[in-house]
2 protein chains.
Amino acid sequence: MPTPHYGQPRYRAIAAELRQRIESGAIPPGTLLPTEGALTAEFRASRGTIRQAIAVLREEGLASTEHGRGTYAMPHARLPESGKPSDLETRKREVAANEELASLFGVEAGETLIEHESITRRDGRTEIVVRSYRIHQSRQ
Amino acid sequence: MPTPHYGQPRYRAIAAELRQRIESGAIPPGTLLPTEGALTAEFRASRGTIRQAIAVLREEGLASTEHGRGTYAMPHARLPESGKPSDLETRKREVAANEELASLFGVEAGETLIEHESITRRDGRTEIVVRSYRIHQSRQ
DNA sequence: AGAAATTTGTCCGTATGTATC
DNA sequence: AGATACATACGGACAAATTTC
């Protein structure tokens with residue numbers, strides 16, 4: 001097969017498709033992407049090209065790969081969402097920093113942190129729980 | 001040639017050598033690195049491996065590549081640059097489920113969970129800590 | 001505990017496209 | 001236009017980590 005990459009190269013097109021699946025919630029944070037072999041079959045691309053596409057997502061922070069295990073979708077900055085994936089539940093609350101978190105943020109233990117939690121359920125079972133922590137006030 | 005990468009993989013060893021040349025001044029900032037072809041000959045490695053090595057340097061900010069031109073050595077500012085490069089640190093560990101998590105997953109408290117943690121730092125400060133939890137056993 | 005299967009990591013060689021000199 | 005240099009893509013082989021049986 002020749003190698004015509006007019007406009008967008010193949011690996012970027014594939015990366016765009018996978019990015020869309022992650023950001024749309026089709027592949028929830030914490031779950032595994034299809035294997036390189038599966039993607040090779042689906043997109044009819046070589047493994048090298050698939051790996052290049054996944055590398056793009058890794059650099060964007062949208063995916064994380066583990067040797068022998070697979071590639072996980074990572075929690076992404078969620079924009080204001082009105083329509084939700086039916087099996088995703090989120091909430092926000094304030095928590096007091098324990099020693100470990102306080103040390104990470106460089107604050108006193110007991111300081112208030114903002115916790116965001118998202119719970120993904122599949123077939124009625126809890127599949128993944130994601131929690132993020134930020135400093136309360138922060139200037140950003 | 002087979003593919004024995006005991007200890008350090010080939011591309012990382014090559015990256016280390018090139019990094020040393022840049023930081024030592026052997027390849028001054030602003031000048032071009034040897035071409036991929038030349039490096040292929042020098043290190044007796046395939047072009048793909050050479051490109052992998054250069055990619056490492058690019059991610060470190062030590063090199064910058066231009067299509068059709070070559071790869072430039074960049075001034076190595078080792079000091080914390082303001083802003084952009086947010087640093088991401090990740091780890092995985094096994095934790096015992098507390099009451100709350102156990103209840104979410106429908107297991108006994110004390111059950112083993114897999115925790116993924118990623119810490120984003122910007123300007124030397126911890127910006128956000130994300131933790132995901134899932135059951136230890138088999139996957140979806 | 002150990003073997004087999006699965007999945008990602010590394011490396012090679014080759015061919016062709018695209019940008020720069 | 002021609003030469004040079006990086007970009008993209010394919011296919012194959014073996015290594016290493018993880019999971020499954």
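Below, chains carry the letters A, B, ... as their sequence lines are ordered, and counting in each starts from 1. These numbers were taken from a predicted model, which means no experiment stands behind them.
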- [ ] Could you check if a side-chain atom of A:I54 sits within less than 4.5 angstrom of a side-chain atom of A:Y11, using non-hydrogen atoms only?
- [x] no
Contacts under 3.5 Å, N or O only, protein and nucleotides 2-6 of chain D:
unit_1	atom_1	unit_2	atom_2	d
D:dC6	OP2	B:E36	N	3.0
D:dC6	O4'	B:G68	N	3.4
D:dC6	O2	B:H67	NE2	3.2

TODO: Please check if atom CD in A:E108 has more than 12 non-hydrogen atoms from other residues, nucleotides or ligands closer than 6.0 Å.
DONE: no
TODO: Mind checking salt bridge (charged side-chain N to carboxylate O under 4.0 Å, His left out) for A:E111 and listing every partner two or more places apart, or none if nothing turns up?
DONE: none
- [ ] Please state whether the phosphate of D:dC10, meaning OP1 or OP2, lies under 4.0 angstrom from any side-chain nitrogen or oxygen of A:T49.
- [x] yes
- [ ] Quickly work out the A:I50 CD1 to D:dT8 C1' distance and round it to whole Å.
- [x] 14 Å
Open item on the list: Between C1' on D:dA16 and CD on B:Q8, what's the gap in Å once rounded to a whole number?
Closed with: 16 Å
Open item on the list: Tell me every residue that passes side-chain hydrogen bond (donor to acceptor under 3.5 Å, both in side chains) with A:S46, counting only those two or more places apart in sequence or in another chain.
Closed with: A:T49
TODO: Whole angstrom is fine here: how far is it from CZ in B:F43 over to C1' in C:dC12?
DONE: 17 Å
- [ ] Would you kindly give the CZ-to-P distance between B:R44 and C:dG13, to the nearest whole Å?
- [x] 12 Å
Open item on the list: In this structure, how many angstroms lie between the P atom of D:dA16 and the CZ atom of B:R10, rounded?
Closed with: 16 Å
Task: Value in whole Å for how far the C1' atom of C:dG9 lies from CZ of B:R12 - done: 11 Å
Task: Spacing between A:L32 atom CG and D:dT18 atom P, to the nearest angstrom - done: 14 Å
Open item on the list: Closer than 4.0 angstrom, basic N to acidic O: yes or no for B:E42 and B:R21?
Closed with: yes
Open item on the list: Go through it in stages, so that I can follow the logic: the residues are A:S64 and A:R58, the test is side chain to side chain donor-acceptor pair (under 3.5 Å), and I'd like the CA-CA distance, side-chain angles, deciding distance and then a yes or no.
Closed with: CA-CA 6 Å; A:S64 171; A:R58 264 199 305 269; over 6 Å; no
Task: Whole angstrom value for the distance that separates P of C:dT10 from CD of B:Q52 - done: 6 Å
